[in-house]
2 protein chains.
Amino acid sequence: MDIEELLKQNDLKVTPQRKAILAVLQNTNSFLSAQDLFQRVIAILPGTNFSTIYRNLDVMLAKGLLCRVPSDNGADLYELRREEGHHHHAVCKTCGASIPVDYCPMESLIQELDRKGFLPTEHCFEVYGLCARCRKGKGKQ
Amino acid sequence: MDIEELLKQNDLKVTPQRKAILAVLQNTNSFLSAQDLFQRVIAILPGTNFSTIYRNLDVMLAKGLLCRVPSDNGADLYELRREEGHHHHAVCKTCGASIPVDYCPMESLIQELDRKGFLPTEHCFEVYGLCARCRKGKGKQ
DNA sequence: GATGCAAATGCAAATTACTTGCAGGAGGCC
DNA sequence: GGCCTCCTGCAAGTAATTTGCATTTGCATC
């Protein structure tokens with residue numbers, strides 16, 4: 001989808017900073033930390049402040065444009081929520097590769113939670129380990 | 001299991017601070033942030049430093065005595081790993097109640113990952129939403 | 001095209017959660 | 001009881017993120 005359309009559909013004003021943020025996210029297959037994103041955004045639009053990045057990540061997250069996943073080191077990671085829909089990741093602890101996983105555990109759990117009266121609104125499912133390359137000792141250190 | 005036994009079995013020296021940490025965790029059904037844990041430990045053992053808490057959380061995590069789960073606000077949450085074994089949680093965003101969930105998604109995923117050559121070492125699965133009480137508007141705030 | 005106003009931004013300082021270096025102190029094998 | 005190693009307290013440091021505020025900008029309306 002067109003970036004400007006995406007913003008307008010979500011009642012967000014179209015600003016150069018937001019266009020830069022979404023452009024970076026659209027051109028990235030794996031997910032990014034806020035700081036990585038910041039570095040790439042200022043390459044496109046120098047002068048952009050990091051608080052703008054953080055504020056927009058929050059706004060876009062609230063609008064459902066993005067997904068956020070926790071990571072080993074403190075920094076959360078972000079990625080564009082794509083049309084293909086919801087998915088999870090297996091992340092390699094050595095090289096950082098992020099392998100998409102189609103399976104979503106909520107499918108199996110929704111009934112059990114419903115029986116307990118619990119209404120799920122969000123969930124987090126991430127797998128960490130070693131990818132095939134790194135397992136064979138071929139990944140970057 | 002006895003706290004001192006637990007420490008010895010894991011090659012950790014038995015110190016008053018460690019006993020206090022484990023005592024707090026044993027008496028807590030849901031999980032705690034490092035800061036909450038710290039507050040409760042100094043109630044038992046005044047003078048304990050928070051760096052001791054953090055260092056011991058890391059050590060005990062590495063030994064597999066504890067589980068850590070990420071949370072909405074920055075702070076990670078910890079709980080004792082109980083004998084009954086591995087489980088996950090549904091956490092109420094209103095009252096903080098943590099409902100244990102027996103189901104583990106890795107069971108369904110292990111084969112798919114294996115086919116891709118990925119070796120999972122850790123995973124995180126948490127569900128957030130509204131518990132039955134809060135759904136009916138009876139929870140705190 | 002000018003105007004008004006809420007929303008968005010830049011900047012700098014503050015906050016939060018956690019980490020580290022170091023010197024002294026305490027478990028526990030001998 | 002001695003010794004060595006691990007553990008702790010303290011204080012300073014760090015990294016990620018948030019906040020307050022003054023200024024600027026998008027964009028609906030005139």
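Rounded to the nearest 0.5 Å, atoms OG1 (A:Thr48) and CZ (A:Arg40) are 15.5 Å apart. Taken from CD1 in A:Ile21 to OG1 in A:Thr15, the straight-line distance is 7.0 Å, to the nearest 0.5 Å.
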Scan nucleotides 26-29 of chain D against the protein and return all N/O pairs shorter than 3.5 Å with their distances rounded to 0.1 Å.
| from | atom 1 | to | atom 2 | distance (Å) |
| --- | --- | --- | --- | --- |
| D:dC27 | OP1 | A:Val14 | N | 3.0 |

Within the sub-3.5 Å range, which N or O atoms of nucleotides 10-14 of chain D have a protein N or O partner, and how far apart are they?
| from | atom 1 | to | atom 2 | distance (Å) |
| --- | --- | --- | --- | --- |
| D:dC10 | N4 | B:Ser51 | OG | 3.2 |

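A:Lys63 has its NZ atom 12 Å from the C1' atom of C:dA7, to the nearest Å. In this entry the distance linking CE of A:Met60 with C1' of C:dT9 reads 13 Å, nearest Å. Whole-Å rounding puts the A:Tyr54 OH to C:dA14 P distance at 19 Å. Between A:Arg68 atom CZ and D:dT17 atom P the separation is 9 Å, expressed in whole Å. Distance A:Leu57 CG to C:dA8 P: 14 Å, rounded to the nearest Å. A:Leu77 has its CG atom 11 Å from the P atom of D:dA16, to the nearest Å. If you take CG of B:Asn56 and P of D:dC7, they are 8 Å apart, rounded to a whole angstrom. At whole-Å resolution of the value, CG in A:Asp58 and P in D:dT19 are 9 Å apart.
Sorted by first then second residue, the ring pair (Phe, Tyr, Trp, His ring centres under 6.0 Å) pairs that include residues 4-46 of chain B, not counting sequence neighbours, are B:Phe31-B:His89, B:Phe38-B:Phe50.
Within residues 34-46 of chain B, no residue approaches DNA chain D, by heavy-atom distance under 4.0 Å.
No single ILVMFWY cluster, assembled from side-chain heavy atoms under 4.5 Å apart, contains both B:Val127 and A:Leu119.
In this structure, B:Gln17 does not reach the C:dA26 phosphate: none of its side-chain N or O atoms is under 4.0 Å from OP1 or OP2.
Qualifying side-chain hydrogen bond (donor to acceptor under 3.5 Å, both in side chains) partners for A:Gln39, counting only residues two or more places apart in sequence or in other chains: none.
In the helix from C:dG1-D:dC30 to C:dC30-D:dG1, the terminal helix axes, each the rotation mapping four pairs' C1' atoms onto the next four within five end pairs, subtend 40°, rounded to 10°.
Under 3.5 Å, the side chains of A:Thr28 and A:Tyr78 contain no donor-acceptor pair of N or O atoms.
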